[in-house]
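This report refers to the structure that appears directly beneath it.
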Amino acid sequence: MDANSQPIKLTHKPKIFNNLESFIEGWYWVIPSNNLEIGEVKSITILGRSLVIYRGQDKQVVICDAYCPHMGAHLGEGTVEDNELRCALHHWKFNDVGICVEIPCLEKPLPLKLKTWPTTEKYGIIWIWTGETPQQPLPFVPELEFLEYESFLGSQLVMNIHPHIMMLNVIDTQYFQGVQALDIGFEKQELNPNAIIFSKYRRQNQDLPIKKIYRPLCKNPIYSVCYWYGSTFTLTVGIELRRCYLMLAVRPIEKEQVEIQTIFFIKKRKGVYGWLFNRFMLWLSNSVMQELINNEIKILQTMQFNLKTPIQEDQSVMQLINHVERQKPLTWKTWLLARSPENDIKENQTKWREEFTND
Ligand code: FES
C-alpha cells in the first residue's frame with residue numbers, strides 16, 4: 001500500500017475552521033458604493049451586528065453602531081448634516097469619528113463617543129474592518145498587485161454554506177485529479193498572517209503528443225487561489241495571452257449562509273476597441289462564472305464537513321485549515337474576541353501541524 005494513501009489519525013478538531021459561532025477579524029464587503037448616495041443613511045446588519053452607514057457631503061463613508069449612546073434610538077432613522085449624523089429622537093449630533101458634537105438642550109456636548117468602524121471603498125464596494133485598527137490590507141489579486149486593471153462588479157449570490165467550506169473545491173487535489181485526470185499538487189505561500197496563496201503545479205510532465213504541439217501557444221499557465229480572512233478569495237487562471245482574475249467577496253449573513261459579491265478584473269487596454277473588448281470579456285466571464293458556481297457548489301451545500309480520514313492528497317485542505325486556525329476569531333454579533341489568543345490560539349498552532357504523521 002502506498003504510504004501516501006494510508007489514513008492519518010487526527011487528535012484535534014479545528015476550533016475556528018467551520019465554526020458557526022465565530023468569524024475571522026478582517027475586511028468584509030458591505031454594499032456596492034453606488035447604493036449609497038451623498039447624504040443618505042442606511043441600516044445594515046453585518047456579521048450579526050446592527051450598524052448604520054452614511055455618506056457625508058465630503059463623499060466619505062462612515063459606519064457606526066446602530067443605537068444612539070443617549071437612549072438607544074436607531075440611528076438609521078437619523079439625518080446626515082454635512083459630514084455628521086443627527087439622531088432622530090432628541091437630535092444629539094455625532095461627527096464622522098463618532099464624537100458627540102451637539103446636544104440641543106445643553107450648552108456643551110458631553111464627552112461621549114459613538115462607536116465607529118474602519119471603512120474604505122475599492123473595486124466599487126464599501127468595506128468594513130471588524131476590529132479597532134486594520135492589521136492587513138484589503139483583499140487584492142496578488143497577480144495584479146503591480147499592474148493597471150479595471151474592475152467590474154458581477155452578480156450577488158446567497159448560498160447555504162459556511163464560508164470556509166465553500167472555498168475548498170478550488171484547492172482540493174483529489175477533486176481536480178478525479179475530474180481532470182491530472183497529477184497535480186498545490187504549493188502554498190503565506191502572503192501575510194491573513195492571506196494564503198495556493199498555486200497549482202503539475203507533479204510530472206504527462207503531456208500527450210497532441211498537447212506538445214499546442215503547448216508553446218499556452219505559455220505560462222497559471223492557476224492560483226488566494227484566501228483572505230477565511231472568507232473572501234481570489235482566483236487567477238489562464239495562460240499568458242488570456243488570464244481571468246476573479247474575486248469572490250464572501251460574507252456570512254446567517255449561521256451557515258453566505259452572501260457573495262463577485263468582482264472581475266481585467267488588465268487595462270487602450271482605445272475604443274480595447275474598452276469594448278474588455279467589456280465583452282467581463283460580461284462573458286460573469287456568465288460563465290455564475291454557471292460554474294451554481295454547479296460546483298451543489299455538492300458542498302449538502303456536505304457535513306468532517307475530515308476524519310485525511311490522506312496526503314488532502315494536504316492543501318489541511319494547510320488552509322491550519323492557516324484559518326491561526327487567525328483571530330471574533331464572536332458573531334458582539335465582535336468580541338471569541339477566546340484568549342494567548343492560550344487557545346497558541347494551543348491550536350502547536351496541535352495543527354502541516355507535517356503528516358502516519359498511524
Ligand atoms: S436617543 Fe438619540 S438623542 Fe436621545
Side-chain angles (χ1 to χ4, degrees), residues 21-122 124-135 138 156 158 229 231 249 251-255 257-259 261 328-338:
E21 307 300 324
S22 64
F23 63 94
I24 305 297
E25 181 185 71
W27 287 106
Y28 290 86
W29 78 279
V30 180
I31 52 171
S33 292
N34 59 13
N35 284 9
L36 189 69
E37 303 285 332
I38 290 175
E40 191 176 11
V41 57
K42 284 187 170 178
S43 306
I44 49 170
T45 302
I46 302 290
L47 300 155
R49 191 174 181 110
S50 297
L51 302 165
V52 158
I53 183 169
Y54 72 89
R55 194 187 290 280
Q57 294 301 322
D58 60 358
K59 299 185 183 171
Q60 296 302 307
V61 174
V62 178
I63 300 181
C64 56
D65 277 353
Y67 298 103
C68 180
H70 172 220
M71 203 187 279
H74 200 296
L75 292 164
E77 302 297 322
T79 48
V80 180
E81 296 181 4
D82 291 330
N83 305 320
E84 297 164 339
L85 184 62
R86 191 181 287 282
C87 178
L89 193 56
H90 308 112
H91 294 198
W92 293 22
K93 193 159 82 168
F94 304 90
N95 71 11
D96 56 359
V97 290
I99 293 170
C100 181
V101 291
E102 188 187 328
I103 297 177
C105 64
L106 297 180
E107 261 182 33
K108 276 187 175 177
L110 298 174
L112 194 65
K113 194 171 181 309
L114 169 68
K115 177 73 188 157
T116 57
W117 297 92
T119 180
T120 191
E121 290 184 83
K122 198 159 187 183
I125 289 283
I126 297 170
W127 301 79
I128 185 171
W129 174 266
T130 57
E132 292 299 321
T133 310
Q135 303 295 313
L138 271 182
Q156 282 181 19
V158 173
Y229 309 105
S231 57
R251 181 185 74 211
I253 49 173
E254 292 278 339
K255 288 175 179 173
Q257 203 176 45
V258 291
E259 193 164 19
Q261 171 69 63
K328 187 174 171 184
L330 301 181
T331 305
W332 187 264
K333 194 172 182 177
T334 65
W335 295 12
L336 295 173
L337 192 61

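Atoms within each ligand, like the ligands themselves, are counted from 1 in listed order. The basis for the numbers below is simple: all heavy atoms, side chains too, and nothing from hydrogens, waters or symmetry mates. Keep in mind that what you see is a predicted model, and the values were worked out from it rather than measured.
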- Task: Answer whether the closest heavy-atom distance between the side chains of R86 and E102 falls below 4.5 Å.
- Result: yes
- Message: Tell me whether the rings of W332 and F23 are parallel (<30°), tilted (30 to 60°) or perpendicular (>60°).
- Response: perpendicular
- Query: Would one find an N, O or S atom of H90, in either backbone or side chain, under 2.8 Å from atom 2 (Fe) of ligand 1?
  - Reply: no
- Message: Between E121 and R55, does any NZ, NE, NH1 or NH2 come within less than 4.0 Å of an OD or OE carboxylate oxygen?
- Response: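 Answer for the salt bridge query: yes.
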- Task: Number the atoms of ligand 1 from 1 as they appear, then name those within less than 4.0 Å of a heavy atom of A73, with their elements.
- Result: 1 (S)
- Message: So, of the N/O/S atoms that H70 has, which is the nearest one to atom 4 (Fe) of ligand 1?
- Response: ND1
- Task: Report the nearest protein non-hydrogen atom to atom 1 (S) of ligand 1: residue, atom name, distance rounded to 0.1 Å.
- Result: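 For atom 1 (S) of ligand 1, the nearest protein heavy atom is M71 N, 3.4 Å.
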- With atom 2 (Fe) of ligand 1 as the apex, the SG/SG angle for C87 and C68 - to 10°: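 C87 SG and C68 SG form an angle of 110° at atom 2 (Fe) of ligand 1.
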- Message: Would you say the rings of W129 and W27 are close, in the sense that their centroids are separated by under 6.0 Å?
- Response: yes
- Message: Could you measure the distance from the OG1 atom of T79 to the NE2 atom of H91? Nearest 0.5 Å is fine.
- Response: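 Atom-to-atom, T79:OG1 and H91:NE2 are 7.0 Å apart.
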